[in-house]
Amino acid sequence: MASVSSQPQFRYTQPPSKVLHLRNLPWECTEEELIELGKPFGKVVNTKCNVGANRNQAFIEFADLNQAIAMISYYASSSEPAQVRGKTVYLQYSNRQEIVNNKTTADVAGNVLLVTIEGADARLVSIDVLHLVFSAFGFVHKITTFEKTAGFQALVQFSDTETASSAKNALDGRSIPSYLLPEHLGPCTLRITYSAHTDLSVKFQSHRSRDYTNPYLPVAPSAIDGSGQVIMGLDGKKLEPESNVLLASIENMQYAVTLDVLHMVFSAFGPVQKIAMFDKNGGVQALIQYPDVQTAVVAKEALEGHCIYDGGFCKLHISYSRHTDLSIKVNNDRSRDYTIPNTTPMVNSQPSILGQQPTSVMGSAVQYSGASFTPSQEQPGIPQQTSAGWGPGVPPMPQSMPMQMHNNPYMPPGTMPPQAAPGMMQSPMQSGMPQSSMLPRYGSGQMQ
DNA sequence: AGCACA
């Protein structure tokens, strides 16, 4: 026919649809602007912005076909064209019946993160390491792990979206610090999106799933030994029932480990309530009491197997005590109740730890070299630069802060000063200064 | 000013 244009599909041939196609939109038109435009005619249930090569097209979908018809009809006879930011917008029925995939679940922030651990050794990353990593941002309620085609994945549940977001922002694309992983493990990179979940269902404490909000949750049958007491961790490692009281034994104690040293070391993870030291089996052991199990768990995970002093001296071996509340009869050089302020004859609990140190024995001038945890030398507010993770290689944080006690690892990063701990050292690096923070601090860049 | 990509 003579009336057939060169672009017949642009004539009035589109059948009605709940979805309208908009073009000639201003640059980077927002969803809000689209909703504003469509709202007078009905309920906008979905949108899609920045469509097309020029990203100046969009779709809006109404709840009801009649609403779409109302909008088209109105502007077909209106003297005023549809406008966004003063720019005329042309609209017509879309040739699709619905908008697909505008908001993927991964786009909607939530309190649960979907974490994909990439790397050849990804599946060797234990749930405990994940817990430690994510606990730096807030209380981790639950973790489940599973293997899918995408690889080894975990769902990590926080209290709220804000906490989850801070963890996601800080950790997405980063690698788990190598010092948190078993030796010989290759890099394990985290890819993080939001999950659509809001509350994970964890039936058992097992090597695949944990519910940190419910210590009484039954242990998975597969993880219980004959006594019914012992949890089996990943790779059959035994785990004691968690407790707020840790039992630390000190191996290879070449140098005196004092109450104050222990206090400082363990205070990096949260307030230490009580410490009791005693001799056992020819060595020194100590019970360290935190107010809650979670803090103790984090401290144990961070400190287990590490040495207080450079050179493999005073290696800590930590297990959970059966105690929940220590009875401190008297405050002396071997036991102390820090919850009773007036009876603690100490000066800020971190006396001359440097002065106590064997300065000549070490040969090298370095006793308090870098932290074995190489924690986050990042300053809050300064994004980390290396994608290789936070491990060794990240520039050290300037040691300007006095040592701080009672840093709670559950505090959001940036809300507390750098914590202090004596240099926990296993590899020679950094200066001879007391190193801060045995905790990984994955700052989100948020300063309060 | 002209129909997206999980």
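Numbers restart at 1 for each chain; the letters A, B, ... are given by sequence-line order, proteins then strands.
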Derivation and outcome, side chain to side chain donor-acceptor pair (under 3.5 Å), residues A:Tyr338 and A:Ser267: CA-CA 11 Å; A:Tyr338 298 92; A:Ser267 290; over 6 Å; no
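Atom-to-atom, CD1 of A:Ile60 to P of B:dA4 comes out at 17 Å; the value is rounded to the nearest Å. Following rounding to the nearest Å, A:Gln57 (CD) and B:dG2 (P) show an atom-to-atom distance of 5 Å. One can place CD of A:Glu61 at 19 Å from P of B:dC3, the figure rounded to the nearest angstrom. One interatomic measurement links the two molecules: CG of A:Asn54 to C1' of B:dC3, which rounds to 13 Å at whole-angstrom precision. For the pair A:Gln97 CD and B:dC3 P, the interatomic distance rounds to 17 Å; values are reported in whole Å. Spacing between atom OH of A:Tyr93 and atom P of B:dG2 amounts to 21 Å, rounded to whole angstrom units. Put simply, OH on A:Tyr90 is 17 Å from C1' on B:dC3, counting in whole angstrom units. Separating the CD1 atom of A:Ile99 from the C1' atom of B:dA6 is a distance of 14 Å, rounded to the nearest angstrom.
Atom-to-atom distance recorded for A:Asn66:CG and A:Lys18:NZ is 11.5 Å, nearest 0.5 angstrom.
In terms of position on DNA chain B, the residue among A:Gly52 and A:Lys87 whose nearest nucleotide sits closer to the 5' end is A:Lys87.
Of the residues in residues 21-28 of chain A, A:His21, A:Arg23, A:Asn24 come within less than 4.0 Å of DNA chain B through at least one heavy atom, sorted by number. A heavy atom closer than 4.0 Å to some atom of DNA chain B occurs in no member of residues 68-85 of chain A.
Take A:Glu162 and apply the salt bridge (Lys or Arg N to Asp or Glu O under 4.0 Å) test, not counting sequence neighbours, and it matches no residue. For A:Ser73, the side chain to side chain donor-acceptor pair (under 3.5 Å) test picks out no residue, with sequence neighbours left out. By the side chain to side chain donor-acceptor pair (under 3.5 Å) test, A:Asn244 pairs with no residue at all, sequence neighbours left out. Listed by chain and residue number, nothing satisfies the salt bridge (Lys or Arg N to Asp or Glu O under 4.0 Å) test with A:Glu251 (two or more places apart in sequence, or in another chain). Partners of A:Thr30 under the side chain to side chain donor-acceptor pair (under 3.5 Å) rule, at least two apart in sequence or in another chain, are A:Glu33. For A:Asn95, the side chain to side chain contact (heavy atoms under 4.5 Å, CB included) partners at least two apart in sequence or on another chain are A:Gln14.
Residue pairs that meet the salt bridge (charged side-chain N to carboxylate O under 4.0 Å, His left out) test with at least one member in residues 176-203 of chain A, sequence neighbours left out, are A:Glu118-A:Arg191, A:Lys142-A:Asp199.
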